[in-house]
Amino acid sequence: MTMTRWAAYKALTQGIEGVRKPLLALALFKLWHLVCGLLPLFLYSLLVNRVLVEKHLSELWPVIAGYLAVFLLTTAGIAVSKRYSNQLLLRYDLRLKRKLLNIVSSLDYEEYSGYSIGDLKSRIEQDSATAGRFFTVHLLDFSYAVLYAAALAVILVSYDWRIALLSFVFVPVSLLTVNILGEKTRKAGEELWRLQNGYESFLHASLQNWKDIKTNNLEAAQLEELNGHYAAIRPVWFRSQLYQHLGVTYSFFTKNFITQLFIYFIGGLFVIKGYSEVGVLLVFISFYGQFFGFIETISNGLMNYKNDSVNISKVIGLLQAEADQRPYKRISGQKIEVQNLRFRYEGKDAFALDGISFSVGKGEHLAIVGQSGSGKSTLAKLLTGQMKPQGGSVSIGGTDLHAVNSGSAAAKVSIVVQEPVLFNMTIRENLLLARGGATEAELIACCRSANIYDYIASLEQGLDTVIGEKGMKLSGGQKQRLSIARALLQERDIIIFDESTSALDSENESDIRNELKRLSAGTTMISVAHRLSTIQDCDKVLVLHNGKVAACDTHANLRGRNEAYDLLFHSQYAALSHTTELVH
Ligand SMILES: Nc1ncnc2c1ncn2[C@@H]1O[C@H](COP(=O)(O)OP(=O)(O)OP(=O)(O)O)[C@@H](O)[C@H]1O
């Protein structure tokens, strides 16, 4: 079902300022335009009836002056209203995009994962542009056409009500047919929107993973996938265009052929039978041409609204997405307490984490270890409040993270992930994302602690070096070190490293850890560790096994005493000795 224009207006202006005033100004200009449009009808009737039929030639000059005045008034109205429509379009477009982007950033993890990149990109970019045009095209222009057509209908009835009523028969027929075609266009539009988003997501992933595609020789497969997307899009696009053209052609044909033929036939008959006069018929035919011109505009407007409503409803859907309603709280205290935590991903039967309990005191360093799939990264995400658990709790300084919004945990905890988010900007700009006001000395100090400063200093542009898309001009280890520097710059009380040093060699990794320990004596650190050799000096080691806590103790107490921990050690040792054998 298509959303009504009123419902769309209310939803699109909810919480977005600055629409009502220019819209009102534009509506007044439309009224002005309407009056300027009706005046020539009156002048035309004077010209035909008074000047041509009744031969009052002296009235010719006032008629010409009237036409000129109407032309000047209309042109002035158009020029001024252009200013308001541009103001409305540009301001609204920016405000809407900002609001949508804001909503996307405040979605919680589960909600965000319900969207694809192509879907979000379309809503924020293309669909929002269509929504911006809604006010001028689907609200003002459409209402103007309806009002104009109604005014002309009244004039036509007053001229000759019999011919008028007979000729109005075509109006509902025309509107109904276009409405049916419009519904088909909308359905095709929905399908097209979904397919195009799939294509956008593919394109996004393809450009983002340019390096991997090249190294893995995936160019041909990628072109094949592109062909697949186009093969699916082509027939639906063709269908949607076909319905639209059918609608437009139908209205054009009705206006320019059927109704004209009918009016000449019926009008001629009325004149021959003496029910009407030639002068009246001439004026009637001219007015009727304009009247049906507006019926054609209304039909096209109905058709286009059905088509655009696909995009408009996607924008409204995102505007109404459930934002994080929980309150923000400034968390004080650093002790992390996890109690009986349970988490299951949507659509999965098994719990990724089941009954996890442990605590980490201020300034302590906890390592989380476990085999692949044991739940380490899931636990890291729950510790930063990114996801809602199905049971149990995570609290920092006594505040349950799930009673407060995700911004509260973000202000307390930094997380450094394995694949850091880096932008195609300079190193300095990437760092300043963490703390806009940081000084040069602070930037350098953090880079030194993360063992990346020597490398940065060796670059010709130093901190002002542009690092490429996703930091592609840096090695995996350099990217990780840069993101550690960025986390340090945030000066949070708690830092979580989620496999964030996996691309570093052991020496580099332990250098960074020692430096972090020295620098941030009071900082609580949690490391999801892949290399057991680097966690031996952590205060505690939490061993996960199939989503459950297998043990939580110091390395010294666990080594040789805990089966799961020893298994991990042995598997790493076996892998290492196997690699050494291969090298030799
Ligand atoms: N987004 C997701 N949707 C569904 N299941 C998921 C998702 N992310 C992880 N899982 C599942 O949850 C379980 C725990 O995954 P998690 O990533 O936490 O393990 P991990 O210990 O960090 O593994 P690794 O060491 O391989 O990174 C796995 O069975 C995984 O398949």
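Remember, predicted model here, so these are calculated numbers, not experimental data. One-based numbering, in listed order, for ligands and for the atoms of each. Only this structure's heavy atoms are used, side chains among them; waters, hydrogens and symmetry mates stay out. Sequential numbering from 1 along the given sequence is applied to the chain's residues.
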Q. Which ligand 1 atoms are under 4.0 Å away from a heavy-atom of Gly375?
A. 14 (C), 18 (O), 19 (O), 20 (P), 21 (O)
Q. Among protein heavy atoms, which sits nearest to atom 30 (C) of ligand 1, and what does the distance come to when rounded to 0.1 Å?
A. Lys348 NZ, 4.2 Å
Q | Closest protein heavy atom to atom 25 (O) of ligand 1, given as residue, atom name and distance to 0.1 Å | A | Lys376 NZ, 2.8 Å
Q) If we ignore angles and hydrogens, is there a donor and acceptor under 3.5 Å between the side chains of Ser374 and Gln371? A) no
Q) Does a side chain donor of either Ser122 or Asn197 reach within less than 3.5 Å of an acceptor in the other side chain? A) yes
(Q) Within the 3.5 Å criterion, strictly below it, is a donor on Ser408 or Lys329 matched to an acceptor on the partner's side chain? (A) no
Q) Do Asp354 and Arg342 have side-chain heavy atoms sitting under 4.5 Å apart? A) yes
Q: Please work out whether any backbone atom (N, CA, C, O) or any side-chain heavy atom from C-beta onward of Ala352 is under 4.0 Å from ligand 1, and answer side chain, backbone, both or neither.
A: side chain
**Q.** Validation row: Ser527, His365 side chains within 4.5 angstrom (heavy atoms)
**A.** yes
(Q) Give the atom numbers and elements of ligand 1 that come within less than 4.0 Å of a heavy atom of Thr378. (A) 14 (C), 15 (O), 16 (P), 18 (O)
Q | Protein heavy atom at shortest distance from atom 12 (O) of ligand 1 | A | Tyr345 CE1, 3.4 Å
(Q) Is there a side-chain contact between Leu431 and Leu463 in this structure, where contact means two heavy atoms from C-beta onward sitting under 4.5 Å apart? (A) yes
Q. Judging by distance only, is a nitrogen or oxygen of Ser372 under 3.5 angstrom from one on ligand 1?
A. yes
Q: Run the numbers for me: atoms of ligand 1, each under 4.0 Å from some heavy atom of Gln371, listed by number.
A: 21 (O)
Q: Out of Ser377, Gly373, Ala380, indicate the one that has the non-hydrogen atom closest to atom 14 (C) of ligand 1.
A: Gly373
Q) Does the separation of the ring centres of Tyr199 and Tyr230 fall below 6.0 angstrom? A) yes
